[in-house]
Amino acid sequence: MLQLLKKRSGEEGIVEALRLYGRNRPMREVFKKAFDLDLEEFDTLFKEFIAERVSHYKLTPNYAPLLGTLMRARRENPDDGEVWAKISWAYLQMGKVVDAGAALDKARRLLGPDHLQVLLLDGNMQLRSNRAEKARTSLEAFVEKGGEDFQAFMTLASFAAREGEDDKLVELLNKAKKAWPVFAEGANPYSLLRRHYMANNQNEKALLELEQQVRILSKEIGLRLQLSREYRLLGRDQDALRVLEEALRVTLFDRRVHEEMLPLLRQLDQKKNAIRAARCVVALRAEDDSDFMLADRWLDLAEVLFEDGQGEEARAALSEAKKLVDAEDLPRIGEIEKKFNPAGQ
């Protein structure tokens with residue numbers, strides 16, 4: 001929505017809208033003054049904007065909610081094979097396999113057995129009936145005739161993986177990415193390609209898949225942590241730090257991000273930022289954290305404070321660690337005490 005409004009009125013329009021919202025003005029007034037739009041006009045523009053962005057996606061729509069409309073269209077024109085195909089999809093999506101099969105038979109007679117929708121429907125029907133080989137035959141025919149469908153590509157990729165057909169697997173997963181570029185969760189083509197490349201020691205290609213996935217999943221923390229570690233293994237510390245900073249813009253309250261940043265910041269000699277990360281690690285405690293874990297975090301803070309020349313605060317952090325665990329049980333306490341108090345001083 002912001003992209004559409006910014007494209008229409010620039011950042012000035014966004015700022016004006018925020019100012020008006022801050023004065024508790026109604027939405028209709030805000031849109032009129034900031035963007036010169038009636039709400040009804042905006043609704044139309046936004047639908048067109050979204051439709052344009054997803055127009056190249058190759059996905060079977062959800063026809064189930066439209067079944068009533070499709071049945072009326074069938075009564076008006078009972079020889080429209082496209083309508084019968086959509087009715088078949090609607091029934092299949094509702095789990096009514098028998099009705100879906102009957103509608104598919106009608107569509108097949110009207111459109112022909114080699115029509116793309118007939119082949120795609122038949123493949124999905126065969127899958128639903130656990131007839132894998134027949135499903136594969138129909139879906140392969142669908143793709144060979146130029147059909148494009150995300151789920152068809154993913155299904156055929158699973159067959160290729162099972163048969164060890166590596167080249168075909170890669171080809172189909174890349175086609176799936178083009179069919180639905182923003183699908184990057186669950187069993188998605190990016191993760192499957194990455195797993196394949198890693199298994200075949202194609203680490204650069206695996207990294208590219210992870211980078212693409214991270215760009216799509218703008219709020220995903222776990223993948224950013226993973227990408228940061230990959231960068232560090234390659235010696236790309238600045239890239240690792242950039243990815244972690246992106247994660248912080250998603251949330252400041254995930255301790256894992258600060259824990260990953262701390263050794264990296266120390267290595268890059270960013271002392272003040274390292275202290276900030278260490279303080280966050282100490283502050284973001286969980287109920288199941290043991291005293292040993294908490295003490296270790298206090299010791300990390302003590303070390304980075306000491307490295308920054310803040311001796312008094314470093315000793316205070318060390319004292320907090322000693323309150324949690326006896327020095328005899330955590331040798332690191334003694335090691336840090338020696339660092340703070342060299343022999344003879």
Side-chain angles (χ1 to χ4, degrees), residues 1-4 49-62 139 143 148-265 268 277:
M1 184 174 75
L2 285 175
Q3 289 184 28
L4 171 62
F49 177 74
I50 294 298
E52 182 181 353
R53 294 195 65 177
V54 303
S55 60
H56 62 290
Y57 291 7
K58 305 301 179 182
L59 297 165
T60 299
N62 182 12
L139 293 176
V143 172
E148 295 179 294
D149 178 79
F150 173 80
Q151 196 55 56
F153 292 139
M154 292 294 287
T155 301
L156 289 173
S158 70
F159 288 130
R162 194 177 309 160
E163 300 294 330
E165 299 171 339
D166 289 353
D167 291 344
K168 185 176 288 188
L169 171 68
V170 171
E171 177 189 354
L172 287 163
L173 289 175
N174 277 309
K175 285 183 176 181
K177 283 166 55 177
K178 291 179 181 178
W180 193 1
V182 298
F183 184 74
E185 299 180 274
N188 66 85
Y190 299 94
S191 294
L192 294 174
L193 275 169
R194 181 167 176 267
R195 187 185 307 166
H196 169 76
Y197 289 138
M198 290 178 68
N200 289 277
N201 295 316
Q202 296 175 283
N203 295 327
E204 290 185 8
K205 290 183 177 180
L207 181 63
L208 286 173
E209 296 299 329
L210 181 56
E211 289 173 330
Q212 290 181 53
Q213 197 174 6
V214 164
R215 279 195 292 272
I216 293 166
L217 300 176
S218 60
K219 296 188 182 300
E220 170 61 40
I221 299 297
L223 287 176
R224 280 177 166 74
L225 294 172
Q226 197 171 348
L227 181 57
S228 174
R229 294 176 194 132
E230 295 288 343
Y231 283 146
R232 290 201 69 186
L233 289 173
L234 295 171
R236 295 169 58 178
D237 290 346
Q238 291 296 338
D239 284 327
L241 184 59
R242 170 182 55 78
V243 170
L244 292 173
E245 288 171 343
E246 290 174 2
L248 285 183
R249 287 196 284 274
V250 177
T251 177
L252 294 171
F253 303 106
D254 192 317
R255 190 182 66 224
R256 298 173 300 166
V257 180
H258 301 285
E259 287 175 331
E260 290 284 337
M261 290 188 82
L262 179 54
L264 183 57
L265 291 166
L268 295 172

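It should be emphasised that the depicted structure is a prediction, and the values quoted were computed from it without experimental measurement. When reading the values below, keep in mind they use all heavy atoms of this one structure, side chains included, and skip hydrogens, waters and symmetry mates.
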Heavy-atom side-chain contact between M154 and L172 under 4.5 Å: no

Under-4.0 Å salt bridge between R224 and E246: yes

Beyond-backbone contact of L210 with E230, side-chain heavy atoms, under 4.5 angstrom: yes

Residue pairs passing the salt bridge (Lys or Arg N to Asp or Glu O under 4.0 Å) test where at least one lies in residues 195-207, sequence neighbours excluded: none

Sub-4.5 Å side-chain heavy-atom contact between L173 and F153: no

Spatial distance of atom CG (L59) from atom CD (Q151) [nearest 0.5 Å]: 9.0 Å

E245, CD: over 12 other non-hydrogen atoms inside 6.0 angstrom: yes

Distance-minimising heavy-atom pair for R232 and A240: CG-CB, 3.5 Å

Heavy-atom side-chain proximity of W180 to K58 below 4.5 angstrom: no

Considering all heavy atoms, the nearest M198-A206 contact: CG-CB, 3.6 Å

P189 versus F183, closest heavy-atom pair with distance: CD-O, 4.0 Å

Under 3.5 Å side-chain donor-acceptor pair for S191 and N188: yes

Any donor-acceptor pair under 3.5 Å from Q213 side chain to A184 backbone: yes

Within-4.5 Å side-chain heavy-atom neighbours: Y231 and L207: yes

H196 versus N200, closest heavy-atom pair with distance: O-ND2, 2.8 Å

Backbone of G222 reached by a side-chain donor or acceptor of E220 within 3.5 Å: yes

Steps toward side chain to side chain contact (heavy atoms under 4.5 Å, CB included) verdict (Q238, L268): CA-CA 9 Å; Q238 291 296 338; L268 295 172; 3.9 Å; yes

Side-chain H-bond candidate by donor/acceptor type, Y190 with E185, under 3.5 Å: no

Any D239 side-chain heavy atom under 4.5 Å of L234 side chain: no

Any pair counted as salt bridge (Lys or Arg N to Asp or Glu O under 4.0 Å), so long as it reaches residues 150-160, sequence neighbours left out: none

Spacing of CZ belonging to F150 relative to NZ belonging to K177, to within rounding of 0.5 Å: 11.5 Å

Contact summary for L244 and V257, nearest pair of heavy atoms: O-CG1, 3.7 Å

Nearest-0.5 Å distance that lies between atom CG in L225 and atom CD in E260: 5.5 Å

CG/D167: more than 12 non-hydrogen atoms of other groups inside 6.0 Å: no

Closest heavy-atom pair and its distance - A152, D149: N-OD2, 2.9 Å

L192 vs L169 side-chain heavy atoms within contact, under 4.5 Å: no

Salt-bridge present (R194, E211; N to O < 4.0 Å): no

Straight-line distance of L208 CG to Q202 CD, nearest 0.5 Å: 11.0 Å

